Amino acid sequence: MKDQINELRKDALNSLASVTSRLELDAWRVRYLGKKSCLQAVLKGLGSLPADERKIAGAETNRLKNELECLLREKQAALEAASAQSPGQQDSLDITLPGRPASLGRLHPVTKVLHEMGVIFTSMGFEVVEGPEVEWDYYNFEALNIPKEHPARDSMQTFWVDMPTGEKGWEMLLRTHTSPMQIRVMEKQTPPLRIIVPGRVFRYEATDTTHIPMFHQIEGLAVDKGITMADLKGTLYEFSRRFFGPERKVRFRVDFFPFVEPGVDMAVECAVCKGDGCRLCGQSGWIEILGAGMVHPRVLEAGGIDPEEYSGFAFGMGIERVPLLRYGIDDIRLFYSSDLRFLRQF
Ligand code: DAH
């Protein structure tokens with residue numbers, strides 16, 4: 001037994017002498033002091049020895065164990081001191097490792113679509129303006145030819161802001177569409193006017209795969225002498241050509257909005273079924289993307305513009321639908337759940 005222990009000591013000391021790094025030292029520790037080391041095997045074997053031999057051999061083995069632990073600590077200290085003196089040469093810095101990439105943020109898909117649309121409309125001479133998200137009911141409804149008793153208000157249940165009414169008796173709400181900015185711009189500027197208004201709008205609605213209480217719209221307004229429906233169609237056709245591509249068919253249909261006369265809705269051919277009808281387009285082959293029309297004379301008047309002299313067109317488009325259609329996303333809530341697995345795809 002004594003020979004065995006001496007052998008072990010010699011072996012361990014020899015091997016320690018050639019250790020030059022922390023990694024090697026750790027391997028040495030596992031080999032000579034670890035759970036599966038020869039030392040442990042010797043300790044385990046002690047049980048089978050006669051009592052007097054067991055005592056001596058036990059003391060010897062423990063001494064060796066203490067000695068090796070002491071050497072380990074010394075070597076550790078020596079290696080640390082060496083690496084502090086010449087850090088570049090030790091294993092603490094591996095300059096061949098690839099760098100850690102900095103994680104860059106990116107634009108939200110809705111922001112991207114808004115930017116793209118902004119580029120198209122500004123190239124056609126429209127100016128980008130923004131308006132308040134908290135609005136007077138006057139601008140959101142009255143001035144847009146939607147009086148208090150008008151049934152169109154029912155389709156736009158809103159969030160009312162609990163505030164004392166303004167000096168004019170107006171109440172505050174979260175705007176239900178970007179159209180109020182038509183009035184604000186007409187009040188301040190004189191024609192010719194060409195503006196687009198991107199922004200957030202709010203509706204008091206239950207949430208599901210196609211409805212969320214906050215979404216985005218882009219409003220357009222052009223007022224000048226002699227503006228006709230042909231200008232409206234030309235502008236929106238050109239927008240569609242550039243945004244959806246020249247192959248996409250576009251459809252106009254008569255629709256009603258209190259602030260335009262006549263009013264239309266514009267639909268583009270469904271990207272998924274190419275007009276044959278599918279689940280995404282409700283089997284119709286078309287997807288409605290905006291409402292539009294010739295600005296109602298009463299709306300021009302509310303904005304301080306003489307409808308006898310000027311005419312104009314307006315449109316309002318929902319933004320979330322566009323990336324929804326483009327990428328075939330089936331749940332609008334994904335845009336606002338902050339799930340990076342979803343957002344990183346854009
Ligand atoms: N404001 C309407 C909505 O939110 C959309 C709209 C329709 C805007 C016709 C317009 C328009 O400017 O002319 O449903």
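All values derive from a computational prediction rather than experimental measurement. Counting starts at 1 for both ligands and their atoms, following the listed order.
Counting heavy atoms closer than 4.0 Å to ligand 1, residue Met294 contributes nothing at all. At a 4.0 Å heavy-atom cut-off, ligand 1 touches Ala292 through the backbone alone. Using a 4.0 Å cut-off between heavy atoms, Phe315 contacts ligand 1 through its backbone alone, with no side-chain atom that close.
In terms of polar-atom proximity, Ala314 is counted as a contact of ligand 1, with an N or O under 3.5 Å from an N or O of the ligand. When only interatomic distances are considered, the shortest N/O to N/O separation between Gln182 and ligand 1 falls below 3.5 Å.
The aromatic ring centres of Phe259 and His177 sit less than 6.0 Å apart.
Listed by number with element, the atoms of ligand 1 under 4.0 Å from a non-hydrogen atom of Val260 are 13 (O). Residue-ligand proximity, Phe257 to ligand 1, at heavy-atom distances under 4.0 Å covers atoms 7 (C), 9 (C). Less than 4.0 angstrom separates some heavy atom of Gly316 from each of these atoms of ligand 1: 6 (C), 8 (C), 10 (C), 12 (O). Here is the list of ligand 1 atoms found below 4.0 Å of a heavy atom in Ser179: 1 (N), 8 (C). The Gln217 neighbourhood of ligand 1 comprises atoms 3 (C), 4 (O), with distances under 4.0 Å to a heavy atom of that residue. Residue Arg203 has at least one heavy-atom neighbour below 4.0 Å for each of these atoms of ligand 1: 3 (C), 4 (O), 14 (O).
Under a 4.0 Å N-O distance rule, the pair Lys148/Asp137 qualifies as a salt bridge. Ion pair Arg184/Glu135 flagged as a salt bridge, since at least one NZ, NE, NH1 or NH2 atom sits closer than 4.0 Å to an Asp/Glu carboxylate oxygen.
Residues Arg251 and Glu269 have side chains not in contact (no heavy-atom distance under 4.5 Å, counting atoms from C-beta outward). Leu290 places a side-chain heavy atom less than 4.5 Å from the side chain of Leu236.
Between the side chain of His211 and the main chain of Arg203, no donor-acceptor pair closer than 3.5 Å is present.
By the side-chain hydrogen bond (donor to acceptor under 3.5 Å, both in side chains) test, Glu116 pairs with Arg326, sequence neighbours left out.
A pairwise comparison of heavy atoms in Arg175 and Gly199 identifies NH2-CA, 3.5 Å as the closest pair.
In this structure, Phe313 falls outside the shell of residues with a heavy atom less than 4.0 angstrom from ligand 1.
For the residues Gly291, Gly312, Gly293, Pro180, the heavy atom positioned nearest atom 7 (C) of ligand 1 is part of Gly291.
The cationic group of Lys112 does not satisfy the cation-pi geometry with Phe346, failing either the under 6.0 Å distance to the six-membered ring centre or the 45° limit from the ring axis.
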